[in-house]
Amino acid sequence: MPEAPPQVVIIGGGLGGLCAAHGLRAAGIEVALYERDPSLDHRPQGYRIHLDSRGAGGLHECLPPRLYELFVATAGLPSRRVAIVNERLRELHAVQFDGVSAGEDPKTFSAAVDRMTLRQVLLAGLDDVVHFGAEFTHYEHEGERVRAWFADGTSAVGDLLVGADGVGSRVRRQYLPHLEIRDLGTRCVYGKTRLDDRVAELLPPRLTDGFMSVRSRRAGMALGLVRLREDPAEAAARLWPGLSLSWAGDYVMWALAVPSAGLPGTDAELSAAGGARLHELVRERITGWHPDLMALVAAAEADQTFYVPIRSSTPIEAWEPTNVTVLGDAAHAMSPAQGSGANCALLDAALLCRAVAAGGPPADVIGDYERRMTEYGFAAVRASEAAAAGSGGGLLGRMFGWLGRLSR
């Protein structure tokens, strides 16, 4: 890197990109982040995610201490159990996780997190760093620097360009055109049901301790409770005064795994049909299940239902490093079978910040980061695919293996 502190341009304002922006800034590195969406809540991007020691460790390393405290305060309760039940709620398998918590020690962290709340937390203190409504198109090398171009004709130049722009990354397409992203043939339909007194009575007791998978001959559904430790507005007032965190209340996230061939329409047609149609589709698929499960889905916010195609990277051999790199799904997109995607992205962010802050020639800095990132990232890709294919071993492997077989 140049003797002066390097300038870093990040493309993509997801969890990994925002985490990296904090870490670089804390290291005294000038950073600018560009996000194509016009606002934080422009489109649905998921509800509940599970963070473990990898994700919490990345946040702990990159965030200011008080902001990390705010992350912990607005996380869910400890996730200590995974259960598989049939459509009549009879338990088939379960596993208990000991020694985990949702406290401030990242080494033992294991909890559900609301994705939007976490993104709001990660935006704190980055008002002069994050630029919304900037659609990246391509980059060009200018000597030892790199220039990012946007759809409106503007550009930004830096010593390092980081693609944190997700599974459809335009940075990756230009930088690593041979890194293939495969459609696994499954669509995951997500919805959420607000947790009021009536809905609380419908919850299976075991759901309060962690994650649940429902399996039947016709469909597979995952359910996770999001009950935050502290109201986000109150936590922000205590830990980061002036930060406004919106929160509509605790909820249950549910996700139905559906073979793409079994959906009534193409991806474009289903997207155009809207959430209400997808909600209706889920209700049709779970007809005859336990009344509480059907009532739980029926009570959801129908228009907030959406779906995502499940895709996965094809691991490749090491490549020649430059002053362009990628992190998160842009580098190693994976099935959600083992809950590793967000955790790996946050781990990437911390590793990248550490490497850049240490300094050195660009090829050495980025080469070391990419070597380590692809080692654990592609291992997570392989493990997730093995779990989805039923060969991952253990309870999670069997659970997601069964879901994966539905999509064939």
Side-chain angles (χ1 to χ4, degrees), residues 1-2 5-40 42 45 55 58-59 61-64 67 118-142 145-152 154-176 321-333 341-342 344-357 362 365-366 369-370 373 377:
M1 288 294 177
Q7 297 174 312
V8 179
V9 174
I10 299 175
I11 305 299
L15 301 181
L18 291 170
C19 184
H22 275 289
L24 291 167
R25 195 177 209 190
I29 296 167
E30 184 178 339
V31 58
L33 184 151
Y34 297 88
E35 165 59 46
R36 69 175 181 176
D37 288 343
S39 64
L40 177 68
H42 174 67
Q45 297 183 29
L59 291 169
E61 185 170 342
C62 292
L63 300 186
L67 203 57
L118 179 54
R119 286 192 75 200
Q120 291 180 83
V121 169
L122 291 177
L123 277 168
L126 295 181
D127 290 347
D128 59 337
V129 169
V130 177
H131 307 274
F132 285 102
E135 181 182 355
F136 172 82
T137 58
H138 67 285
Y139 64 82
E140 296 175 347
H141 289 286
E142 296 182 352
R145 310 195 82 199
V146 59
R147 183 177 297 276
W149 288 95
F150 303 99
D152 62 0
T154 61
S155 65
V157 66
D159 301 296
L160 173 65
L161 176 67
V162 179
D165 46 343
V167 66
S169 172
R170 291 181 178 177
V171 176
R172 183 199 64 246
R173 290 176 188 172
Q174 184 175 351
Y175 179 48
L176 301 171
T322 71
N323 57 349
V324 176
T325 192
V326 284
L327 65 76
D329 283 349
H332 41 63
C344 283
L346 296 171
L347 187 59
D348 291 351
L351 177 62
L352 177 65
C353 293
R354 201 182 315 143
V356 175
V365 169
I366 300 306
Y369 158 72
E370 291 179 339
M373 176 269 291

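- Nearest heavy-atom pair, Val326 versus Ala331, reported as atom, atom and distance to 0.1 Å: CG2-CB, 3.6 Å.
- Checked against salt bridge (Lys or Arg N to Asp or Glu O under 4.0 Å), Arg147 has the following partners two or more places apart in sequence or in another chain: Glu142.
- Counting only distance, with no hydrogens or angles, the side chain of Tyr175 and the backbone of Thr325 share no donor-acceptor pair below 3.5 Å.
- With sequence neighbours left out, the side chain to side chain donor-acceptor pair (under 3.5 Å) criterion links His22 to no other residue.
- Scanning for side chain to side chain donor-acceptor pair (under 3.5 Å) contacts around Asp348 gives His332, Tyr376, with sequence neighbours left out.
- Evaluation of the salt bridge (charged side-chain N to carboxylate O under 4.0 Å, His left out) test over residues 162-171, restricted to residues two or more places apart or in two chains, returns Glu135-Arg170.
- A perpendicular orientation is assigned to the rings of Tyr139 and His141, their planes being inclined by more than 60° (bins at 30° and 60°).
- In this structure, Asp159 contributes its side chain and Gln7 its backbone to a donor-acceptor pair below 3.5 Å.
- Residues satisfying the side chain to side chain contact (heavy atoms under 4.5 Å, CB included) test with Ala333, not counting sequence neighbours, are Val167, Ile181, Ser313, Asp329.
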Please determine whether side-chain contact (heavy atoms from CB on, under 4.5 Å) holds for the pair Val9 and Val157, giving the CA-CA distance in whole Å, both sets of side-chain angles, and the decisive distance to 0.1 Å.
CA-CA 7 Å; Val9 174; Val157 66; over 6 Å; no
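- Listed by chain and number, the residues in a side chain to side chain contact (heavy atoms under 4.5 Å, CB included) with Ala350 are Glu61, Cys62, Arg354 (sequence neighbours excluded).
- In this structure, Leu122 and Leu63 have side chains that are in contact, with non-hydrogen atoms separated by less than 4.5 Å.
- In plain terms, the two heavy atoms of Ser155 and Trp149 that are nearest each other are CB-CE3, 3.6 Å.
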query = Stepwise, does the side-chain contact (heavy atoms from CB on, under 4.5 Å) test hold for Ile366 with Thr322?
reply = CA-CA 7 Å; Ile366 300 306; Thr322 71; over 6 Å; no
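- Under the side chain to side chain contact (heavy atoms under 4.5 Å, CB included) criterion, Ala349 pairs with Cys19, Ala20, sequence neighbours left out.
- Side-chain contact between Leu346 and Leu15 is present, with at least one heavy-atom pair separated by less than 4.5 Å.
- Shown here are the salt bridge (Lys or Arg N to Asp or Glu O under 4.0 Å) partners of Asp152, two or more places apart in sequence or in another chain: there are none.
- With hydrogens and angles disregarded, a donor-acceptor distance shorter than 3.5 Å links the side chain of Glu35 to the backbone of Gly13.
- Taking 4.5 Å as the limit, some side-chain heavy atom of Val356 sits within range of a side-chain heavy atom of Leu24.
- Considering CG of Leu351 and SG of Cys353, their distance stands at 9.0 Å, rounded to 0.5 Å.
- Taking the six-membered ring for Trp and the full ring otherwise, the centers of Phe150 and Tyr34 sit less than 6.0 Å from each other.
- In this structure Tyr369 satisfies the ring pair (Phe, Tyr, Trp, His ring centres under 6.0 Å) test with no other residue, sequence neighbours excluded.
- Separating the CD1 atom in Ile10 from the CG atom in Leu161 is a distance of 9.5 Å, to the nearest 0.5 Å.
- Between Leu352 and Leu327 there is a side-chain heavy-atom pair separated by less than 4.5 Å.
- Taking Glu140 as the reference, nothing meets the salt bridge (Lys or Arg N to Asp or Glu O under 4.0 Å) condition, with sequence neighbours excluded.
- When every heavy atom of Ala21 is checked against every heavy atom of Leu126, the shortest pair comes out as CB-CD1, 4.1 Å.
- Contact between Val162 and Val8 at its shortest, heavy atoms only, is CG2-CG1, 3.8 Å.
- Among residue pairs with one or both ends in residues 122-132, those qualifying as side-chain hydrogen bond (donor to acceptor under 3.5 Å, both in side chains) are Arg25-Asp128; sequence neighbours excluded.
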